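In this text, all values refer to a predicted model and were calculated from it rather than measured experimentally. In this chain, numbering begins with 1 at the start of the sequence shown.
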Amino acid sequence: MDLSDFRKEYTMHGLRRADLHADPVEQFSIWFSQAVSFGVHEPNAMTVATVSPDGMPSQRTLLLKQFDASGFVFFTNYRSRKAGQLAENPRASLLFPWITIERQVIVQGIVEKSTAAESDEYFQSRPRDSRIGAWVSDQSAVISNRDFLVARLAEIERQYPGEIPRPPHWGGYRLIPETIEFWQGGAARLHDRFIYRRENSGWQIDRLSP
């Protein structure tokens, strides 16, 4: 099935409850694989929304690096604005906008830090330039100009000519989902929306009006 046939299939016939896996993470994995297959650019790109202590929301685009039954994992600077907001309110929302296949997924839940071992393992898998960049940028801090970053880059390269350790202020977060919503575009704007809500040890699945 090519992309036009794929979109036509769901536009014409819609998404049924019977099409969904009972486990939302498994359903996400199915949709994620289809997004990859149909050439969605950076299907792991997601908008991460957090809220400040005074109730002001903020958003930014990050890359999902891992997901499984334990949650959805991303990595960032623990001194960043998002990290400060998560320290005050450890809840967040992730939005995956797979526009070319007329789908989106919204994941909401509680956020916790990854273990140091998990962060170390991922950090060492990154390209050298990315590992250096984690030391260079004091994310979200005000700086005077770009020259500051260039000078800091040269300093870090001199400091670590070989192995680059993970900065103590850099690591992962895991969002443990409480709800996951799947949205599929439909004809005449009769979109299909299904939401999974965690209930005890299982999940309740409901269809939502578009």
Side-chain angles (χ1 to χ4, degrees), residues 20-36 40 42-53 55-98 103-127 130-131 133-135 137-140 164-183 194-205:
L20 300 174
H21 197 286
D23 185 321
V25 178
E26 291 295 332
Q27 183 62 42
F28 179 85
S29 181
I30 293 168
W31 274 26
F32 186 86
S33 295
Q34 290 174 339
V36 173
V40 172
E42 292 193 313
N44 61 327
M46 59 185 182
T47 300
V48 180
T50 56
V51 179
S52 69
M56 178 63 71
S58 60
Q59 301 169 300
R60 71 289 293 164
T61 301
L62 298 177
L63 297 178
L64 176 73
K65 292 301 181 180
Q66 303 166 16
F67 70 90
D68 55 28
S70 67
F72 296 74
V73 178
F74 58 92
F75 294 86
T76 190
N77 190 309
Y78 287 149
R79 297 173 182 167
S80 64
R81 179 174 59 181
K82 78 180 77 64
Q85 292 180 348
L86 288 172
E88 294 288 340
N89 179 9
R91 295 176 175 81
S93 177
L94 315 178
L95 168 65
F96 296 86
W98 299 329
R103 284 179 171 174
Q104 70 176 15
V105 181
I106 300 172
V107 186
Q108 295 179 312
I110 302 296
V111 179
E112 63 182 21
K113 283 186 177 180
S114 301
T115 66
E118 290 171 328
S119 294
D120 286 340
E121 180 179 6
Y122 175 70
F123 186 79
Q124 292 306 324
S125 74
R126 304 180 87 206
S130 296
R131 282 177 277 160
W135 281 97
S137 175
D138 190 10
Q139 195 175 88
S140 301
I164 305 170
R166 176 175 64 89
H169 57 267
W170 189 97
Y173 285 103
R174 173 177 285 100
L175 185 145
I176 304 167
E178 294 183 333
T179 67
I180 302 183
E181 179 185 327
F182 295 85
W183 182 97
F194 286 92
I195 188 166
Y196 292 70
R197 296 184 177 92
R198 190 185 292 276
E199 288 192 354
N200 300 319
S201 60
W203 295 89
Q204 170 68 36
I205 307 174

Atom of [X], atom of [Y] and distance for their closest heavy-atom approach:
X	Y	value
A134	R126	CB-NH1, 4.1 Å
S70	I176	O-CG1, 3.8 Å
G171	S119	CA-OG, 3.4 Å
A45	L63	CA-CD2, 3.7 Å
V25	A69	CG1-N, 4.2 Å

### Task
Could you please spell out the steps behind the side-chain contact (heavy atoms from CB on, under 4.5 Å) verdict for Y173 and L175?
CA-CA 7 Å; Y173 285 103; L175 185 145; over 6 Å; no
Side-chain donor/acceptor of [X] to backbone N/O of [Y], under 3.5 Å:
X	Y	answer
Y78	G84	no
W203	A22	no
R197	I195	no
S33	S29	yes
R131	R166	no
R91	Q108	no

From [X] atom [atom1] to [Y] atom [atom2], the distance as rounded to the nearest 0.5 Å:
X	Y	atom1	atom2	value
T47	Q104	OG1	CD	10.0 Å
S125	K65	OG	NZ	8.0 Å
I205	E199	CD1	CD	10.5 Å
R60	M46	CZ	CE	10.5 Å
H169	S137	NE2	OG	8.0 Å
R174	I110	CZ	CD1	14.5 Å

- Query: Given the rule in the side-chain contact (heavy atoms from CB on, under 4.5 Å) test, do L62 and K82 qualify, once you have shown the distances and angles that lead to the verdict?
  - Reply: CA-CA 11 Å; L62 298 177; K82 78 180 77 64; 3.9 Å; yes
Review point. Taking it one step at a time, do R103 and V40 satisfy side-chain contact (heavy atoms from CB on, under 4.5 Å)?
Key: CA-CA 11 Å; R103 284 179 171 174; V40 172; over 6 Å; no
What's the verdict on side-chain contact (heavy atoms from CB on, under 4.5 Å) for I180 and V105, showing C-alpha distance, side-chain angles and the deciding distance?
CA-CA 7 Å; I180 302 183; V105 181; 3.8 Å; yes
Checklist entry - Would you call the rings of W170 and Y122 parallel, tilted or perpendicular, where under 30° means parallel and over 60° means perpendicular? => result parallel
Can you confirm if the aromatic rings of [Y] and [X] lie within a centre distance of less than 6.0 Å?
X	Y	value
F96	F32	no
F182	Y196	yes
F123	W135	no

(request) Decide if atom CD of E112 counts as having more than 12 heavy atoms of other residues, nucleotides or ligands within a radius under 6.0 Å. (result) yes
Worksheet entry | R81 atom CZ: more than 12 heavy-atom contacts under 6.0 Å | no
Student check: side-chain heavy atoms of Q66 and F75 closer than 4.5 Å
yes
Report yes if some heavy atom in the side chain of W183 is under 4.5 Å from a heavy atom in the side chain of I106; otherwise report no.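 W183 does not reach I106 side chain to side chain.
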Please lay out, stage by stage, how F28 and W98 fare under the test ring pair (Phe, Tyr, Trp, His ring centres under 6.0 Å). CA-CA 12 Å; F28 179 85; W98 299 329; 5.8 Å; yes
